[in-house]
Participant: 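The structure that follows is given in the form of structure tokens.
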Amino acid sequence: MSRVALITGVTGQDGSFLSEFLLEKGYEVHGIIRRSSVDFRERIAHLEGKANFHLHYADMGDSMSIVKVVDRVRPDEIYNLAAQSHVQVSFDSPEYTANVDATGVLRVLEAVRACHLEDRCRIYQASTSELYGKVEAVPQNEDTPFHPYSPYAVAKLYGYWIVKEYREAYGMYCCSGILFNHESERRGETFVTRKITLAAARIAQGLQDCLYLGNLSSLRDWGYAKDYVECMWLILQQEQPDDFVIATGVQHSVREFADLAFREAGIELRFEGEGADEKGVCVNGPERLIGKTLVAVSKDFYRPTDVVNLCGDPSKARTQLGWNPSKTSFEQLVKLMVEHDMAKVAAEGVAAHVRTNLAEYLEKGIVK
Ligand code: NAP
Ligand code: GDD
């Protein structure tokens with residue numbers, strides 16, 4: 001009999017990679033999706049129709065919908081990845097963020113109890129390095145004190161503690177993976193890394209003039225999402241439930257990420273100025289770009305409180321889970337994202353050109 005997994009947030013970056021990973025392991029995979037007026041299932045489109053892959057409508061803000069799915073699926077493992085996951089957006093929608101990212105976790109735990117699955121269903125909670133927030137130590141490990149620094153992080157801190165509480169109060173097998181930033185060619189387009197790789201590709205291909213960013217000095221520990229979903233699974237395969245930091249242990253600034261991404265797109269930048277006046281000027285690359293400002297700072301992307309110094313210590317994951325934090329290097333990650341976006345932008349350019357000229361082509365009988 002295949003093991004049964006239920007993934008909330010299946011349409012997201014991590015949900016899509018995790019689905020692939022579990023299907024390859026022979027799991028029957030069920031995912032929760034929510035209704036949308038446009039199709040947001042792009043990341044899992046290639047999995048739909050597979051015999052072991054099933055989707056169910058539910059919403060993290062709707063307890064009954066979660067209970068019904070849990071009861072129907074009766075999972076061996078739940079991966080709770082669904083969240084309003086954008087930190088800056090959490091300042092604009094703090095109450096919604098709390099409902100989904102904090103109370104949503106409680107709804108999943110209670111659904112498991114309501115369906116009398118607490119003795120056999122294991123639960124993974126997508127926790128985050130944002131808990132360290134205004135950091136009290138660098139690097140951060142499982143013992144570093146938390147200091148959440150956004151409505152998102154405060155909501156996720158509730159998720160972390162309620163998981164711990166249900167583990168201790170009811171003996172449930174539930175764990176938090178404290179994951180540091182992980183990126184990929186499937187990353188949402190408003191997170192800084194993807195925003196940069198898409199802009200570098202568009203600027204290189206003449207479709208964008210300048211990239212506006214916020215805090216260029218912010219430091220992150222960036223890994224590859226595909227490597228990180230393996231940890232989610234490993235965490236649920238341990239004899240005893242426990243929490244783990246998942247990170248590479250290597251730190252880079254937003255500026256360094258941009259510098260390398262543009263280089264991969266064939267553009268060399270020189271950064272000059274400071275703070276809101278800092279600029280990335282093209283010093284090498286296509287003739288038409290030399291001397292132009294391709295990266296500039298906009299205060300629109302500053303946050304009321306910003307987390308600026310994240311670097312994880314993955315020692316526990318390395319020793320206890322046997323996980324390799326250096327599988328994909330920072331340089332490989334930037335390269336694979338830029339390569340993907342260069343191809344995507346080129347394909348979109350061709351499609352746009354065809355759309356623009358369609359009337360003329362139809363008229364001339366070039367296309368029918
Ligand atoms: P993501 O791409 O933004 O995906 C979020 C998922 O949650 C999407 O499938 C989204 O559905 C779903 N969702 C949001 N609100 C929902 C609701 N009310 N009901 C049902 N589903 C809802 O995020 P990700 O990068 O894959 O991250 C996965 C999880 O890990 C999140 O909990 C995030 O906070 C956490 N995390 C991420 C990172 C990282 O660096 N990526 C690091 C640490 C922790 P739609 O597609 O319909 O919007
Ligand atoms: N998004 C964005 N856009 N961030 C920018 C920009 C910009 O134009 N310019 C600078 N930044 C800075 C932010 O201020 C932040 O310090 C850093 O880049 C990273 O921002 P994001 O890519 O939005 O990610 P995040 O670190 O805030 O949150 C992500 O990682 C968390 C784990 O630490 C999300 O995936 C969260 O869901 C996750 O928990």
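As the structure lists them, so they are numbered: ligands from 1, and atoms in each ligand from 1.
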Participant: Atom 28 (O) of ligand 2: which protein heavy atom is closest, and how many Å away?
Facilitator: Val87 CG2, 3.6 Å
Participant: Is the Lys NZ or Arg CZ of Arg220 less than 6.0 Å from the centre of Phe257's six-membered ring, within 45° of the axis?
Facilitator: no
Participant: Check Tyr96 against ligand 1 and report side chain, backbone, both or neither, counting heavy atoms closer than 4.0 Å.
Facilitator: side chain
Participant: How far apart are the C-alpha atoms of Glu278 and Arg255, what are their side-chain angles, what is the distance that settles it, and do they pass the salt bridge (Lys or Arg N to Asp or Glu O under 4.0 Å) test?
Facilitator: CA-CA 10 Å; Glu278 188 167 352; Arg255 186 183 302 101; 2.6 Å; yes
Participant: Answer with side chain, backbone, both or neither: which part of Ser218 has a heavy atom less than 4.0 angstrom from an atom of ligand 2?
Facilitator: side chain
Participant: Gln84 and Thr97: side chain to side chain donor-acceptor pair (under 3.5 Å), yes or no, with the steps?
Facilitator: CA-CA 6 Å; Gln84 189 302 92; Thr97 304; 3.2 Å; yes
Participant: Can you tell me if Tyr302 has a non-hydrogen atom under 4.0 Å from ligand 2?
Facilitator: no
Participant: May I ask you to list the atoms of ligand 2 that are less than 4.0 angstrom from any heavy atom of Val307?
Facilitator: 16 (O)
Participant: Do any N/O atoms on Gln84 end up under 3.5 angstrom from N/O atoms on ligand 1?
Facilitator: no
Participant: Answer with yes or no whether Lys156 contacts ligand 1, where contact means a heavy atom under 4.0 Å from a ligand atom.
Facilitator: yes
Participant: So between Glu189, Arg194, Arg303, whose heavy atom ends up nearest atom 27 (O) of ligand 2?
Facilitator: Arg303
Participant: What protein heavy atom sits nearest atom 9 (O) of ligand 1, and how far off is it?
Facilitator: Thr11 OG1, 2.6 Å
Participant: Considering both backbone and side-chain atoms of Ser127, is one of its nitrogen or oxygen atoms within less than 3.5 Å of a nitrogen or oxygen in ligand 1?
Facilitator: no
Participant: Compute the minimum heavy-atom distance from Gln88 to ligand 2 and say whether it is under 4.0 Å.
Facilitator: no
Participant: Check each atom of ligand 1 against the heavy atoms of Met60 and keep those under 4.0 Å away; list them by number with element.
Facilitator: 17 (C), 18 (N), 19 (N), 20 (C)
Participant: Counting heavy atoms only, which of Asn215, Leu213, Asn309 comes nearest to atom 10 (C) of ligand 2?
Facilitator: Asn215
Participant: When you compare ligand 1 with Thr128, is there at least one nitrogen or oxygen pair between them that comes in under 3.5 angstrom?
Facilitator: no
Participant: To the nearest 0.1 Å, how far is atom 5 (C) of ligand 1 from its closest protein heavy atom, and which atom is that?
Facilitator: Ala83 O, 3.7 Å
Participant: Is it the case that ligand 2 has an N or O less than 3.5 angstrom from some N or O of Val192?
Facilitator: yes
Participant: Counting non-hydrogen protein atoms only, what is the nearest one to atom 23 (O) of ligand 1? Give residue, atom name and distance.
Facilitator: Ser85 OG, 3.5 Å
Participant: Can you sort out which atoms of ligand 2 are near Leu310, meaning under 4.0 Å from one of its heavy atoms?
Facilitator: 33 (O)
Participant: For the ring-ring contact (aromatic ring centres under 6.0 Å, His included) test, which of Phe17, Tyr228, Tyr224 pairs with His182?
Facilitator: Tyr228
Participant: For atom 24 (O) of ligand 2, what is the nearest protein heavy atom, given as residue, atom name and distance?
Facilitator: Asn181 ND2, 3.6 Å
Participant: Could you give me the CA-CA distance, side-chain angles and deciding distance for Glu331 and Lys335, then say whether salt bridge (Lys or Arg N to Asp or Glu O under 4.0 Å) is met?
Facilitator: CA-CA 6 Å; Glu331 290 72 19; Lys335 188 175 164 57; over 6 Å; no
Participant: Measuring from atom OH of Tyr27 to atom CG of Asn52, what distance do you get when rounded to the nearest 0.5 angstrom?
Facilitator: 12.5 Å
Participant: For Arg187, state whether at least one heavy atom is located under 4.0 Å from any atom of ligand 2.
Facilitator: yes
Participant: Among all protein heavy atoms in this structure, tell me which lies nearest to atom 36 (N) of ligand 1, with the distance rounded to 0.1 Å.
Facilitator: Tyr152 OH, 4.0 Å
Participant: What is the nearest protein non-hydrogen atom to atom 38 (C) of ligand 2, stated with its residue, atom name and distance?
Facilitator: Tyr152 OH, 3.5 Å
Participant: Any N/O of Gln13 closer than 3.5 Å to an N/O of ligand 1?
Facilitator: yes
Participant: State whether the shortest distance between N or O atoms of Ala58 and N or O atoms of ligand 1 falls below 3.5 angstrom.
Facilitator: no
Participant: Which of the atoms in ligand 1, numbered in the order shown and given with their element, are less than 4.0 Å from a heavy-atom of Ala126?
Facilitator: 29 (C), 30 (O), 32 (O), 35 (C)
Participant: Numbering the atoms of ligand 2 from 1, which are under 4.0 Å from a heavy atom of Gly214?
Facilitator: 6 (C), 8 (O), 9 (N), 10 (C)
Participant: Can you confirm, on distance only, whether ligand 2 has an N/O atom lying under 3.5 Å from any N/O atom belonging to Phe180?
Facilitator: no
Participant: Hey, is Lys195 touching ligand 2 through its side chain, its backbone, both or neither, going by heavy atoms under 4.0 Å?
Facilitator: side chain
Participant: Just by distance, no angles: are the side chains of Asn309 and Gln251 close enough, under 3.5 Å, to form a donor-acceptor pair?
Facilitator: yes
Participant: Determine whether a donor-acceptor pair (N or O, by modelled atom type, separation under 3.5 Å) exists between the side chain of Ser93 and the backbone of Ser90.
Facilitator: no
Participant: Is there a donor-acceptor pair under 3.5 Å between the side chain of His86 and the backbone N or O of Thr190?
Facilitator: yes
Participant: Among all protein heavy atoms, pick the one closest to atom 41 (N) of ligand 1 and tell me residue, atom and distance.
Facilitator: Arg187 NH1, 3.2 Å
Participant: Would you say ligand 1 has an N or O under 3.5 Å from any N or O of Asn181?
Facilitator: no
Participant: Looking only at protein heavy atoms, which one is nearest to atom 29 (C) of ligand 1, and what is the separation?
Facilitator: Leu81 O, 3.1 Å
Participant: Closest non-hydrogen protein atom to atom 37 (O) of ligand 2, residue and atom name please, with distance?
Facilitator: Ser85 O, 2.6 Å
Participant: Can you pull out the closest protein heavy atom to atom 14 (O) of ligand 2? Residue, atom name and distance to 0.1 Å, please.
Facilitator: Asp306 OD2, 2.9 Å
Participant: Passes salt bridge (Lys or Arg N to Asp or Glu O under 4.0 Å), Arg41 versus Glu48? Steps please.
Facilitator: CA-CA 9 Å; Arg41 279 141 69 169; Glu48 291 191 49; 2.8 Å; yes
Participant: For atom 26 (O) of ligand 1, find the nearest protein heavy atom and state the residue, atom name and distance (0.1 Å precision).
Facilitator: Asp14 N, 2.8 Å
Participant: Counting non-hydrogen protein atoms only, what is the nearest one to atom 15 (C) of ligand 2? Give residue, atom name and distance.
Facilitator: Arg220 NH2, 3.4 Å
Participant: Taking the six-membered ring for Trp, are Tyr160 and Phe146 parallel (under 30°), tilted (30 to 60°) or perpendicular (over 60°)?
Facilitator: perpendicular
Participant: Between Glu20 and Arg186, does a salt bridge (Lys or Arg N to Asp or Glu O under 4.0 Å) hold up when you go through it step by step?
Facilitator: CA-CA 13 Å; Glu20 288 166 4; Arg186 298 185 194 171; 2.7 Å; yes
Participant: Using a 3.5 Å cut-off on N or O atoms only, is Gly12 in polar contact with ligand 1?
Facilitator: yes
Participant: For Ser129, take its heavy atoms, then give the atoms of ligand 2 lying under 4.0 Å from any of them.
Facilitator: 32 (C), 33 (O)
Participant: Under the side chain to side chain contact (heavy atoms under 4.5 Å, CB included) rule, what do Arg107 and Asn99 come out as? Steps first, then yes or no, please.
Facilitator: CA-CA 10 Å; Arg107 292 188 183 103; Asn99 190 20; 2.6 Å; yes
Participant: Closer than 4.0 angstrom: is that true for some heavy atom of Thr190 and an atom of ligand 2?
Facilitator: yes
Participant: Please work out whether the ring planes of Tyr124 and Tyr79 are parallel, tilted or perpendicular, with thresholds of 30° and 60°.
Facilitator: tilted
Participant: Please determine if Ile32 has a nitrogen or oxygen closer than 3.5 Å to a nitrogen or oxygen of ligand 1.
Facilitator: no
Participant: With a heavy-atom distance limit of 4.0 Å, tell me whether His86 approaches ligand 1 through its side chain, its backbone, both, or neither.
Facilitator: neither
Participant: Pick one of side chain, backbone, both or neither for how Val254 approaches ligand 2, counting any non-hydrogen atom pair under 4.0 Å.
Facilitator: side chain
Participant: Which protein non-hydrogen atom lies closest to atom 40 (O) of ligand 1, naming both residue and atom, and how far is it?
Facilitator: His182 N, 2.9 Å
